[in-house]
Every structure is written in structure tokens, then in C-alpha cells.
Visitor: 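Okay, here's the structure, questions in a sec.
Note: hydrogens, waters and symmetry copies are ignored here, and every other heavy atom, side chains too, is used. Chain letters run A, B, ... following the sequence lines, proteins first, then strands; residues in each count from 1.
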Number of protein chains: 2
Amino acid sequence: MEHTPANCRAREMISRVADKWSMYVIHVLAEAGTVRFSELRRRVDGVSQRMLTVTLRGLERDGLVRRTMHPEVPPRVEYSLTPLGATLREIVGELITWSGAHLAEVDAARARYDARAKQPQWATSDM
Amino acid sequence: MEHTPANCRAREMISRVADKWSMYVIHVLAEAGTVRFSELRRRVDGVSQRMLTVTLRGLERDGLVRRTMHPEVPPRVEYSLTPLGATLREIVGELITWSGAHLAEVDAARARYDARAKQPQWATSDM
DNA sequence: CAGTTCTAGTTACGAAACGTAACCTGGTCC
DNA sequence: GGACCAGGTTACGTTTCGTAACTAGAACTG
């Protein structure tokens, strides 16, 4: 895979989508279908109201998420994945599956790394 | 996919790996095989020295990247993907492919969104 | 023999992103 | 008339990030 224009732009796309919340939101929307803002906030554990707004705006702008506003009082706004978002969702799903599958290995690697980091220099690196 | 312990931790894993530079570095390492620090810096376009160091440390800690230091002067340090990193690489590759494939759609969606955003409220939403 | 060059970082500091908490809208309930 | 609802926005403090300067120690240069 060489440095074609497409994968140069890919870098930009990845920056856009590869942040903490975007993937999480896509995943939750994929699970839940159509969801209201506050329900989404409840499901995306740990997200702040501001970051959820910001993330959703970005995803909406990129055509990954559809935002439907019902002009009522109190307001009702529903979010769902667009077809485009659904295609990305599959990859996010794989990433989650991967995480589940390799969790133990990562934990082990971390433990090893941290143990080694605690050792001063003079510990012979006989690994 | 429910909220099992594994996919709860998956959230943590995603936060870890789903940042701008980690994916990019994994991708470049996958392409290049074994690479020295400065070569990597040249290939990962736009990364600062500090962020490359930080990113590599994180990936190394998680067992995704192997760091081999040759105690010479000037120092020589080589980085490569571990087998674990290689499995993740496949998903990153898919994400890049996706980006290339759907670039035009995303651009179009952005243009639409931005055009609409410029319109004041009184523009009837007859899309 | 003093000064420059090399790599792979680290440190200091300003800028940008992020999280927390308060406020806003305006119709309904008490 | 005050509290409440949902879905935000704004203000502000903290954490992260990017830029630039500095470090090591040997080798090469003048």
C-alpha cells in the first residue's frame, strides 16, 4: 500500500474518526438504533454533555450520523446511524471484538513492561 | 452485543489505541517492517518527535510494538510490530481502505452540512 | 584540540482540546 | 410563580499536544 492520494486523505479521515468518543458513539448507535440525546448520554458511559454534542456534530457533518429534531417542548432529538455510518460500524465492531479477544495479552504485556520499568538500569536485561 | 466485562474493557482498549497517531504508526510499521526512530518520524507525516516517542512507548507497553535498542554511538533503535500488533494492523488496514472508499461521500456530506450551517434559521429545511 | 555532526530522545513552555459545572429555552405541572 | 423537562451553550480550569531548545558520547573536521 503506497502513498496514493486516497490513503493520504485516509490519514485525515482516521484523525477524524479515531478519537475516544466517535467510535464509542458509533458502536452504541449501532446497538441501539434510534436514540434520543439523553439516552445516548446514558449509554455512552463517561461522556460529558459537551463532548457528546461535539462528537455528534462531527459525525453528523461527516454524514455518519443522522440527527432528527422534533420541534416540541420539551425538545426531542433523535440520532441514528446513516447507511454510511453503518458501514463504518462494521469496522468498529471488529475493533471491539479484537479488544475482547486480545485483552489478556495486552494486560500481560503491560504488566511485563511496568515490571521492567520499575527495575533500575543495572538489572541485566536477560529477558 | 451486550455489556459484558470484555466489551466494557474494550472501551478502555479503544481509548488506548484509537488516537490519531497510534493507528498511523501501526500502519506505517506494517508497511515498513523494521524501522529506526528517525525513519519512522519521516514516514509518519506531521508527527512531532515528542508525540512519536509517547505513542511508541504506549504501543510498546501494550505489546503491540517491539523496541530494539542497539547500544552504539550514535544510538540505533529499531521498531517493529509484534505478532499481536500485526493482528491489530489488519483492522487498521480495513479502516484505511474504508476511508479511501468513502472519502467522496464524506466530503459531500461535509459540503452539504456546511452549506446548511451557513443558512440562517428562516431557510426552510426542504431537503 | 575546539567545534560540528549524528541519533534518539527529554525538558520547558505556549496553544489547543477536553471535562465540569452553571446557565438557557419555554411550555407543563403543582 | 417556581420547579421541572430535554437538549443544548457558555465559562472556566485542567490535561494533553505541538514547537523548540537541549542532552549524551563518539567520530569527523579544520
Visitor: Is Thr87(A) reaching over with its side chain to a backbone N or O of Leu84(A), donor-acceptor style, under 3.5 angstrom?
Guide: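 Side chain of Thr87(A) to backbone of Leu84(A): a pair is present.
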Visitor: Quick check against the 3.5 Å criterion: does Thr82(A) have a side-chain atom that pairs as donor or acceptor with the backbone of Leu64(A)?
Guide: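 Side chain of Thr82(A) to backbone of Leu64(A): a pair is present.
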Visitor: Would you mind reporting whether Thr34(A) and Tyr79(A) have side-chain heavy atoms less than 4.5 Å apart?
Guide: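 Of all side-chain heavy-atom pairs linking Thr34(A) with Tyr79(A), none is under 4.5 Å.
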Visitor: In whole Å, I'd like the distance from the CG atom of Leu52(B) to the C1' atom of dC17(D).
Guide: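 Leu52(B) atom CG is separated from dC17(D) atom C1' by 14 Å.
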Visitor: Is there a residue in residues 53-61 of chain A whose heavy atoms reach under 4.0 Å of DNA chain D, and which residues are they?
Guide: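 Correct list: Thr53(A), Arg57(A).
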Visitor: Measuring to OP1 and OP2 of dG18(D), would you say a side-chain N or O of Trp21(B) lies under 4.0 angstrom away?
Guide: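 Trp21(B) to dG18(D) OP1/OP2: side-chain N or O found under 4.0 Å.
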Visitor: At what distance, to the nearest 0.5 angstrom, does CG of Leu103(B) lie from CH2 of Trp98(B)?
Guide: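 With rounding to 0.5 Å, CG (Leu103(B)) is 9.0 Å from CH2 (Trp98(B)).
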Visitor: Is Glu39(B) salt-bridged to Arg36(B), cutoff N-O under 4.0 Å?
Guide: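 Result for this pair is no, no salt bridge flagged.
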Visitor: Mind listing the residues from residues 34-50 of chain B sitting with a heavy atom below 4.0 Å of DNA chain C? Number order is fine.
Guide: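 Those residues whose heavy atoms fall under 4.0 Å from DNA chain C, taken from residues 34-50 of chain B in numerical order, are Arg36(B), Phe37(B), Ser38(B), Gln49(B), Arg50(B).
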Visitor: Can a donor-acceptor pair be found, under 3.5 Å and without considering hydrogens, that links the side chain of Ser22(B) to the backbone of Ala18(B)?
Guide: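 No; judged by distance alone, with no hydrogens or angles, the pair does not exist.
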Visitor: Using atom types as modelled and distance alone, determine if a side-chain donor or acceptor of Arg41(B) lies under 3.5 Å from a backbone N or O of Val47(B).
Guide: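 Side chain of Arg41(B) to backbone of Val47(B), a donor-acceptor pair under 3.5 Å: yes, one is there.
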Visitor: Which residues in residues 66-79 of chain B have at least one heavy atom lying under 4.0 Å from any atom of DNA chain C?
Guide: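 Output list: Arg67(B), Pro74(B), Pro75(B), Arg76(B), Val77(B), Tyr79(B).
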Visitor: Give me the atom names and distance for the closest heavy-atom approach of Ala101(B) to Glu105(B).
Guide: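 For Ala101(B) and Glu105(B), the tightest heavy-atom pair comes out as O-OE2, 4.5 Å.
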Visitor: Rounded off to whole Å, could you give me the NZ-to-C1' distance for the Lys20(B) and dA16(C) pair?
Guide: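 Going from Lys20(B) (NZ) to dA16(C) (C1'), I get 11 Å.
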Visitor: Using atom CG of Asp19(A) as one end and atom C1' of dC17(D) as the other, report the distance to the nearest whole Å.
Guide: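 These atoms are roughly 15 Å apart.
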Visitor: Looking at every heavy atom in both Tyr24(B) and Asp45(B), which two are closest together, and how far apart are they?
Guide: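 Shortest heavy-atom contact: OH-N, 3.5 Å.
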Visitor: Can you find a pair of side-chain heavy atoms, one from Glu94(B) and one from Glu94(A), that are under 4.5 Å apart?
Guide: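 Side chain of Glu94(B) against side chain of Glu94(A), heavy atoms only: contact under 4.5 Å found.
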